[in-house]
Structure formats: C-alpha cells, structure tokens
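First up is the structure itself, then whatever we jot down about it.
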Amino acid sequence: MTATETHTVPSADELVTRARDLAPLLARNAAEGERERRVPEESIQALTDAGLFKIAIPKRYGGYETSVRTMLEVSGAVAEADGGTAWVLTLTNVCNWMAGLFPQQAQDDVFGADPDAKVSGVLAPTAETRKVPGGWRVTGKWFYNSGSWHATWAGLGIPLTDESGAVVDQGTALIPRTDLDLQDTWFVAGMRSSGSNCLIAEDVFVPEHRVMRVLPALTGDYGTEHTDEALYRSALVPVLALVLIGPQLGMGRAALDYVIGKAANKPISYTFFTAQRESVGFQLQIAEAARLIDTANLVAYRAADEIDAAAARGEYPDFAARARMRSDTGYVAECVTRAIEILLSAHGAGSFAEVSPLQRIWRDSATAARHAIVSPQIGYEIYGKALLGVEETITPLI
C-alpha cells in the first residue's frame with residue numbers, strides 16, 4: 001500500500017484479537033525460537049501478515065498509527081503465547097515509532113521504500129563518528145539489538161562530533177541493515193529467542209536527515225514535520241521505557257492462567273490435598289499473585305493513557321510526570337516478577353520441568369525485567385528526587 005492509498009485502521013480490540021488468534025502458532029514455535037535463539041520466520045511472517053508490526057507506523061505509509069496503550073495491549077496479548085516473540089514485536093514497534101519522529105525525508109527512506117520495514121535499535125552511543133559534508137561517518141558496535149535477525153533498519157546511538165572531532169551532542173542514527181554486519185553474540189538464560197545480537201558499522205555514511213539529536217528530543221523537540229500526528233508527539237523516554245513492560249503483562253497473565261488451570265487436578269505432595277485448589281495456603285498464593293498482576297496492569301495502562309492523552313492535547317508531560325512514569329515502569333516489572341515467583345512456588349517443583357511453559361515464562365520475564373531502563377531502583381530514585389525537589393539528576397533519560 002502506498003502513502004496515497006486509503007486504508008482501514010483496525011481498532012485496538014481487533015488488533016488484540018488478531019494477536020490472540022496467533023497464539024497456537026506462536027506457542028508451538030516457542031521451543032524452536034529458544035533453540036535457534038531467534039523467533040522462527042513463520043511466526044514473524046504471521047505477525048507481519050496480521051499487521052502487528054504496523055501499529056506504530058504512520059498512516060501515511062499504510063501503517064496504523066495507533067497509541068501507546070495499544071502497543072502495550074498487543075505486546076501483552078502476544079506474550080501470553082510467547083514472551084520472546086512479544087519482545088521482538090515490542091522493540092520493533094517502538095523503534096518504528098521512533099523512526100516516525102525523524103524528518104519526513106528519513107521516514108520516506110525507511111517506510112516509503114518498504115511499508116513493512118522493521119527497525120531495531122540500541123540507543124547507547126557505542127560508536128565513533130567523523131563529521132563530513134552532509135552527515136557523519138560512523139564506526140561502532142551495538143550490543144543487545146533485539147530482533148536483529150529480522151530488522152531492515154536500525155536506530156543506533158552515536159556521539160555527534162563537529163569538524164574538529166569534539167563531541168557536541170548525542171544522536172540516534174537510522175542505518176539500513178544492509179550497511180551493517182551482525183555478530184551472533186546472544187547466549188543467555190532468558191529471552192533467548194529475541195536474537196539480541198551485536199550490529200557492527202564500519203565507516204558507514206549517515207546523512208544529516210537520518211540523525212535525531214537526543215537532547216532536544218528529550219523534551220519533545222522532534223524532527224518530524226507532521227506535528228498534527230498525535231502518536232509522534234508522545235514523550236520520548238516514557239514511551240521507550242513503558243513499552244518494555246508490555247510483554248511482562250502478558251507473561252504474568254499466562255503464568256497465572258496456567259497455574260490456575262492445573263490446580264483442580266494437581267495434588268500437593270506429602271499432604272492430604274488431592275487438588276491444590278482445596279488448600280487455603282494455595283488459595284492465598286493465587287490471590288496474592290493475581291492482585292500483583294492486576295496492579296501491574298492498572299499502573300501500566302494508567303501511564304500509557306496519560307502519555308496518549310498528553311500527546312492528543314499537544315502537551316509534553318512535565319518532569320514530575322515523566323519521573324513517575326519511570327517509577328511506574330519499574331514497579332510494573334517488580335509486581336510481575338514477584339507474582340511469577342509466587343506462582344512457581346505455588347505450582348511446585350514441576351514448574352521447572354523443560355516441558356512446562358512456566359520455566360520459560362520465568363526466565364524470559366526475569367531477563368526482560370533487568371533491562372537497564374526498567375530498573376525499579378533507578379526509577380524509584382528518579383521519582384523520589386522529583387517529589388522532594390532534589391535537583392541532582394542521575395540520568396538525562398526522563
């Protein structure tokens with residue numbers, strides 16, 4: 001579909017339904033994804049065909065241009081079937097969203113040429129740059145590039161230098177995947193199928209229009225000329241952080257449903273309980289886990305709704321609101337990881353059998369929850385300083 005063609009944008013409910021309709025396929029392929037350390041192409045193609053990689057692409061290119069809330073809901077629905085697949089979908093969608101913040105010329109490069117483009121990304125500026133006429137020459141390595149096997153573009157952090165070589169700013173560069181090498185480095189305990197490998201640039205030219213300056217972007221000063229598009233007015237760091245707990249919501253729900261589903265027929269060893277559901281102790285554990293997962297959903301969706309509402313009004317959330325969203329992100333991850341720990345204990349040692357989906361949910365959730373921008377302690381400190389008026393900052397990413 002070209003930018004000039006009209007198309008129907010499905011509702012959030014329809015997109016979630018599409019995601020859940022794919023659950024049997026995604027769950028069936030989960031073991032292969034772990035084994036091969038990449039989401040199987042069959043699953044990627046199914047997600048593509050269902051339009052689930054379009055939810056953050058501008059409508060001008062045939063995308064759905066939905067909302068942050070929809071991004072969370074869709075990634076959560078996919079994670080009910082497989083966390084690693086949901087992680088790749090999430091990171092691709094948020095990097096597609098970030099590409100929508102660039103000038104139209106850059107967006108044309110990415111989505112104009114390929115409406116099904118998939119962007120991966122690493123924002124840490126682990127590279128060297130040299131200023132040249134019209135842009136920069138870039139050399140560097142970027143680790144933990146989720147979805148690297150499937151990406152057609154990458155948004156990569158770079159230091160911005162002047163003609164003398166001095167670093168004057170930090171940027172994010174959009175680089176075609178064909179200009180990058182991939183080093184297979186992703187050997188981990190959890191989120192194995194995310195394919196978060198290392199991308200490598202060797203003296204790659206990046207034109208000025210494909211570089212977003214980070215410091216202005218932190219307060220909503222983006223390059224896009226399409227300031228009428230609400231989704232691309234959303235607050236940068238709150239979006240980049242919050243979407244990462246979308247898969248956590250789905251994994252938490254999946255773990256709870258699995259344990260409840262087994263409780264009527266699974267006895268508690270070395271007791272007189274012939275079914276776990278008969279035990280008051282088990283009932284209390286289920287109630288606590290469910291309460292934590294409910295809380296995680298409520299907090300996550302509140303933050304997403306506030307981001308969307310501010311963008312719709314054309315307002316950028318103030319520092320205190322953005323600080324709370326960093327805190328909310330960590331709190332959601334903390335709630336879900338705690339709930340899964342409770343469910344593992346409630347279900348018993350069988351949770352760790354290789355045939356049990358619980359052990360993969362546990363490993364995937366625990367790994368994803370340790371993403372640096374999700375860290376609860378960092379988020380809480382940011383929020384606490386904001387509440388107390390402490391001017392000392394520990395990160396610009398707020």
Side-chain angles (χ1 to χ4, degrees), residues 1 3 5-16 18-19 47 50-78 89-112 114-121 123 153 155 172 174 212 214 216-246 300-318 321-322 325 328-329:
M1 180 173 293
E5 292 177 317
T6 59
H7 64 289
T8 301
V9 175
S11 67
D13 288 344
E14 168 62 22
L15 290 168
V16 169
R18 292 183 191 181
L47 293 168
L52 300 186
F53 285 110
K54 288 182 177 291
I55 63 177
I57 294 176
K59 294 177 185 177
R60 291 173 283 108
Y61 303 104
Y64 298 155
E65 194 179 316
T66 59
S67 65
V68 177
R69 171 74 180 248
T70 302
M71 292 170 72
L72 287 184
E73 291 179 343
V74 171
S75 62
V78 171
L89 178 71
T90 299
L91 270 292
T92 302
N93 279 331
V94 78
C95 290
N96 284 353
W97 168 78
M98 190 168 61
L101 308 181
F102 281 70
Q104 180 168 328
Q105 186 179 358
Q107 296 182 44
D108 286 346
D109 290 348
V110 177
F111 302 119
D114 178 10
D116 288 319
K118 297 177 178 67
V119 185
S120 69
L123 300 187
W153 284 78
T172 299
L174 284 172
M212 178 172 70
V214 171
L218 292 175
T219 54
D221 184 2
Y222 305 140
T224 178
E225 299 91 342
H226 298 276
T227 55
D228 58 319
E229 297 173 341
L231 181 60
Y232 310 102
R233 295 197 298 251
S234 303
L236 182 68
V237 175
V239 172
L240 295 177
L242 191 68
V243 295
L244 299 183
I245 47 84
Y301 290 142
R302 178 189 67 172
D305 288 344
E306 290 185 355
I307 293 171
D308 290 334
R313 294 191 304 268
E315 299 174 0
Y316 206 79
D318 63 21
R322 302 197 314 270
M325 290 168 187
D328 286 348
T329 300

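Owing to the predicted nature of the structure, the values given are computational and were not obtained by experimental measurement.
We find the CG-OG1 distance between D318 and T219 to be 13.0 Å, quoted to the nearest 0.5 Å. Within the model, atoms CG of L231 and OG1 of T66 stand 6.0 Å from one another, a figure rounded to the nearest 0.5 Å. Rounded to the nearest 0.5 Å, atoms CD1 (I245) and CG (D328) are 9.0 Å apart. The CG atom of L72 sits 8.0 Å away from the CZ atom of R69 when rounded to the nearest 0.5 Å. Taking OH from Y301 and CG from L242, the interatomic distance works out to 10.0 Å, rounded to the nearest 0.5 Å. Of the inter-residue distances, the one linking F102 atom CZ with M212 atom CE reads 4.5 Å to the nearest 0.5 angstrom.
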List the steps, then state whether side-chain contact (heavy atoms from CB on, under 4.5 Å) holds for F53 with V119. CA-CA 10 Å; F53 285 110; V119 185; over 6 Å; no
Show your working on side-chain contact (heavy atoms from CB on, under 4.5 Å) between V243 and L91 and close with a plain yes or no. CA-CA 8 Å; V243 295; L91 270 292; over 6 Å; no
Should D109 and L174 be marked as a side-chain contact (heavy atoms from CB on, under 4.5 Å) after you check the CA-CA gap, both sets of side-chain angles, and the distance that decides it? CA-CA 9 Å; D109 290 348; L174 284 172; over 6 Å; no
Check the pair N93, S75 against side-chain contact (heavy atoms from CB on, under 4.5 Å), reporting the backbone distance first and the verdict last. CA-CA 9 Å; N93 279 331; S75 62; over 6 Å; no
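When every heavy atom of E225 is checked against every heavy atom of Q104, the shortest pair comes out as OE1-N, 2.8 Å. Shown here for P10 and L15, the closest heavy-atom pair between the two residues is CG-CD2, 3.6 Å. Taking both residues in full, the closest heavy atoms of G63 and H7 are given as O-NE2, 2.7 Å, listed atom of the first, atom of the second, then distance. Considering every non-hydrogen atom in both A19 and V74, the closest pair reads CB-O, 4.3 Å. Heavy-atom minimum distance, P317 versus R322: O-NH1, 2.8 Å. The heavy-atom pair separating A77 from V16 by the smallest distance is CB-CG1, 4.0 Å.
Two residues are said to be in side-chain contact when any heavy atoms from C-beta on lie closer than 4.5 Å; T224 and Q107 meet this criterion. Inter-residue side-chain proximity for Y316 and L236 is flagged as met; some heavy-atom pair is nearer than 4.5 Å. Inter-residue side-chain proximity for M71 and V94 is flagged as met; some heavy-atom pair is nearer than 4.5 Å.
Side-chain atoms of Y222 never come within 3.5 Å of backbone atoms of T227 as a donor-acceptor pair (strictly under, hydrogens ignored). Listed for the N96 side chain is no donor-acceptor partner under 3.5 Å among the backbone atoms of I57.
Scored by the ring pair (Phe, Tyr, Trp, His ring centres under 6.0 Å) test, F111 finds Y61 as partners (sequence neighbours excluded).
Sorted pairs that involve residues 231-243 and meet salt bridge (Lys or Arg N to Asp or Glu O under 4.0 Å), not counting sequence neighbours, are lacking altogether.
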